[in-house]
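Here is the structure we will look at.
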Amino acid sequence: MKIADRVLKKLKIKRPRPVEGETAKLFPPDVKKELLSEGLDISHVILGVKSDMNSDGEFCENYVFFDSVGLYIAQFSEKVKPKKCKKRLAAQAQLLRLETIPVSEIDSLKTERYLSTGHLIYTFNGEDYSISLFSLGLIGRLEELVKTFNAFKQGGDYQAILEQREEKTCPGCGKPLKQGKTLCRKCGSKTSIAKRLLTFFRPHYLKMIFIIFSMLLSTAISLLTPQVGTRKLFNEVLNTDNLSDYETLLASLVSVVLTVIAIKLITQAFSLFYQYILAGMLPWVIYDIKVRVFSAMQRLSVGFFTHKQTGSLMERVTRDSNNIYWFLIDGFPYLIVSAVTVIGVLIIMFITSARLTLAVLAFAVITAIVYPVFSRVFRSLHHRVWVRNAALSSKVSDNINGHRIIKAFSKENDELNDFSLYSRKLMDSEINYSNAETTVFPLLSMLVFWLAAMVLGYGGILVVRGRLGLGDLLAFVVYMQMLESPIEFISWVFNWWARCADSAQRIFEIIDSKPDIVDKENPVILTQIRGDIDINELSFEYEPARPIIKKLNLSVKAGQMLGIVGKTGAGKTTISNLIARLYDVKEGSIKIDGIDVKELSLNQLRTNIGIVSQEIYLFIGTIADNIRYANPEASYEDIISAAKAAHAHDFIMKLPDGYETKVGSGGQDLSGGERQRISIARTIIQNPKILILDEATAAMDTETEQKIQNSISQLKTGRTTVAIAHRLSTLRDADVLAVIDNGTLVEYGTYRELMNKKGEYYKLYKLQSEALKFIGIETDITNEDKVSREGN
Ligand SMILES: Nc1ncnc2c1ncn2[C@@H]1O[C@H](COP(=O)(O)OP(=O)(O)OP(=O)(O)O)[C@@H](O)[C@H]1O
Ligand SMILES: [Mg+2]
C-alpha cells in the first residue's frame, strides 16, 4: 500500500473516487484502446458491466456502461493473435458495434428473467427497448447497474450504492471480495499476517523470551568453536616453537580439546533446553488456532457452508494449521539461528581478515543472485507436484465416494486407466523435481567448494607473506563452511514462509468471517414459547435477483398442524429454514408468538424448533449417541421410548450391537427409512414446541409410514407442527393446508375446504390418487376421495 494510502487510512479518510477508477477496473487494456480509437471518452464512466451476449442472444463480449451523458453498449469479438516475443496466444478484442443511447432518452432500466437468460431493457415514454441479453448467472451484476442507473437518473444517492459496491471489492486490486473479507488473498500483507500469528504466542511470552535468549546464546557460543578448535590450536598449540616441549604441548592440547567439548556441551544443553520448551509450547499454540477456527466455523451461518467446499474447510482445520506448526517448530528457530550465525560469522571473519572477507562477500553476492533463480525454478516444479498430487487425491476420493456407481456401470477398468494416468503425471513431475534437485544442489556445493579453494589459495599467500596466521586461515575456512547451510536455508526459507503465510491467511479468513445471522443486542427471551407462527409478506432469495419466496402470507396457531404441499423446488424447505432462522428473511417477517424471529434469542428459537430435515445426517457415533444428540442429558429409557415412538426400536434391536451400533461415516450402513426414523427419534427427544417435518416419511414404505403417522399424531399434541410432504396422505391430520407454487401461496384452507374448492390441491390429490392406483395402492386415497365426495 502506498504511503499516502496508509496515511489516509490512519486518518480514516476515504480517497475520492478516481475518475479513471471504474474505467480501469472494467476495461482490459485492449478494449480500452479500441474504445478510445472510436473517439469515446471513457474517463467518466460511472458504472459498467461486462455481459456475455448481444441483444440477439449471440455470445460475445458485451460491455454496457454509462456516464452522465449516455448509456453505451460496446460489442466485441475476440480475435486470437500471437503476442510478440511470446509463445502463448493472447486474446485481442475487436470492436464490432458501439451503440450510444442518450441518458435523456432513457426513463429507467430494468431486467427480466427467462429460463436461462436475462434481458436488460430500457424504458422510454412507456415503451420497452432491448439493450442486451445475458446468461442468468450475471443477473446480480446487471441488477446493480440497473439500481445505480435508476438512482442516478432520478437524482437519488447513487454514490451510496457505488460505495456499498466498493466495500465488496478489494481496495488493493479492485477484484470482488469474498464474504467477510477486507483484502483479497494477493493483497493481504505477509507482515501483518506475521504480526497476527505472533498474537497467538501472547500467553506464552515468558517461554518465548527464554527460547529466543537460549537460541541466541547457544548460537553465539557455538561460534567460538573454530576460535579454539582451529585458530588457537594452529596458532598457539601446534606452533613449531612448542613442539619440543612435550608436556606443555600435551597440556595445551588437552585444554583445547576440553574447551571444544565444553562449548559443544553448553550449546547442546541450551539447544536441548529451547527445543524442549518449544516442543511443549507449540502444540498449545496450534491447539488454540484450531479451536479458534472450529469455533468460528460453528458461529457461521448455513449460507457460508453452502458456498464452501467441505474439503477446503477441512484443509484449514487440519493441513493449514499443520503447515504453520512445522514452520514454527522447524523453520522459525532455524531462521533465527541462521541469521545470528551469518551475522556473527561475518563479524568474526572481518576481524580475522578484512581482505579475505571482501573476497568471500563478492562470492556471496553471486550466490545471492543465483539462488533466487534456482529457487523460482524449484517453486514452479514443486507447485506442479502439488497440483498433480491434489488432482490424484481428488481422483481417489471421487472413486471411493462413487464406488457403487462405478460398479453399477462396470467402469472399474476405465477408473483404473484414469488413475494410472493421473499417477503417471504425478510421477513425471516428481522425477523432474528430483532431477533438478540432484543437479542443482551439487552445482551449488561446487560453487562453495570453488570459493573455499580460492580463499585457501589467497589466504595461503597472505600466510606466506606473514600477514595472516595459519590458524587464522584455517579458522576462516571453517567459518566459511559454517556459512554454507545458514545462507542456503535463508535463501529458501522465504518460500516456506510464503506457504505458511498462505495457510495462516486462509485460517484468518475463517476466524474473521462474520456470521450473517446473529442475536440482536438484548434479544427477547420468552418465558415459554407457545408456538403461534405468523408469516407476513415474506420474500426471500438465496442469490440476488432470484426470488424463491414471494410475498407469502401464512399462519398457524399454537398446537395446530400446518401441511405444506407443492411441486419440487417450490420453496417448501426454504420456508422451514426461514422459520428456524437458518437464513434471514429479506422482506416481510416471520413471527413466533407475535415476536419477529430476528428479535428472539437464537438459542431459545432453535432449541424450541425441532426439524426432521429432508437431508438426514447421522454423526459418527452410536445410534444412542445420535438419538440423544439434541438432549445429552436423556437417559437410556428416554432414548428407547423415543425410538419406540419413531418406530425405530425394532430395527435397532435387530442390529448386531443394538443401540450401541456405530453409525455415520465408516459405521453401519442404514437404509434411508431407518435413518429417517433415527432422525425422528432425535427430534422427539428434543421435545420442541414447534415441530417441522420436511418429507419426514418420504423414504418409508406405506406400512411403516402408517405407523409413524400414528406416532406423529400423538407427537402433535401440545406443539405446533409444520409438515411438508409430497405424499398428500401424510397430511391427512393437518388442521390447515397450504399449497405453494413457485414461492407463492396459491391455496390455503382446511382439507375439506380445499377439496370442495376443487383447485390446485384437489388437482394434486387426484393426480396422486391415480398414480397410486396405478401401482396398486388405491384404497387409502380412493377411500378418502369417497369420504370427501360424501362430505360434499
Ligand atoms: N442454498 C441454496 N442456494 C441457492 N439456491 C437454493 C439453495 N437452496 C435451495 N435453493 C433453490 O431454491 C429453490 C427452492 O428450494 P427448496 O429446497 O425450498 O424447494 P422444495 O420445495 O423444498 O423442493 P423439494 O420438494 O424438492 O424438496 C430451488 O430452486 C433451489 O434450487
Ligand atoms: Mg425440500
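A quick note: this is a predicted structure, and the numbers were derived from the prediction, not measured. Whatever order the structure lists ligands and atoms in, that order sets their numbers, starting from 1.
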Proximity to ligand 1 by part of T573, non-hydrogen separation under 4.0 Å: both
Min heavy-atom dist G569 to ligand 1 below 4.0 Å: yes
Trace of the side chain to side chain contact (heavy atoms under 4.5 Å, CB included) decision for S135 with F59: CA-CA 9 Å; S135 299; F59 281 99; 3.9 Å; yes
Atom CZ of R141 with >12 non-hydrogen neighbours under 6.0 angstrom: no
Carboxylate-amine/guanidinium contact D735 K557, below 4.0 Å: no
T568 neighbourhood, listing ligand 1 atoms whose heavy-atom distance to it stays under 4.0 Å: 23 (O), 24 (P), 25 (O), 26 (O)
Any Y583 heavy atom less than 4.0 Å to ligand 1: yes
N/O/S from T568 sitting under 2.8 Å away from the Mg ion (ligand 2): no
Test: E760 and K763 ion pair at under 4.0 Å: yes
Numbered atoms and elements of ligand 1 in range of G571, under 4.0 angstrom, heavy atoms: 14 (C), 18 (O), 19 (O), 20 (P), 21 (O)
Atoms of ligand 1, numbered as shown, that sit under 4.0 Å from any heavy atom of Q614: 24 (P), 27 (O)
Sub-4.0 Å heavy-atom contact, H726 with ligand 1: yes
Ligand-side contact atoms (ligand 1) for residue partner T574, heavy atom cut-off under 4.0 Å: 14 (C), 15 (O), 16 (P), 18 (O)
N/O/S atom of Q614 inside 2.8 Å of the Mg ion (ligand 2), strictly under: yes
Heavy-atom donor-acceptor pair, T117 side chain to Y114 backbone, under 3.5 Å: no
Whether K572 side chain and G566 backbone form a donor-acceptor pair below 3.5 Å: yes
Salt bridge K598-D596, side-chain N to carboxylate O under 4.0 Å: no
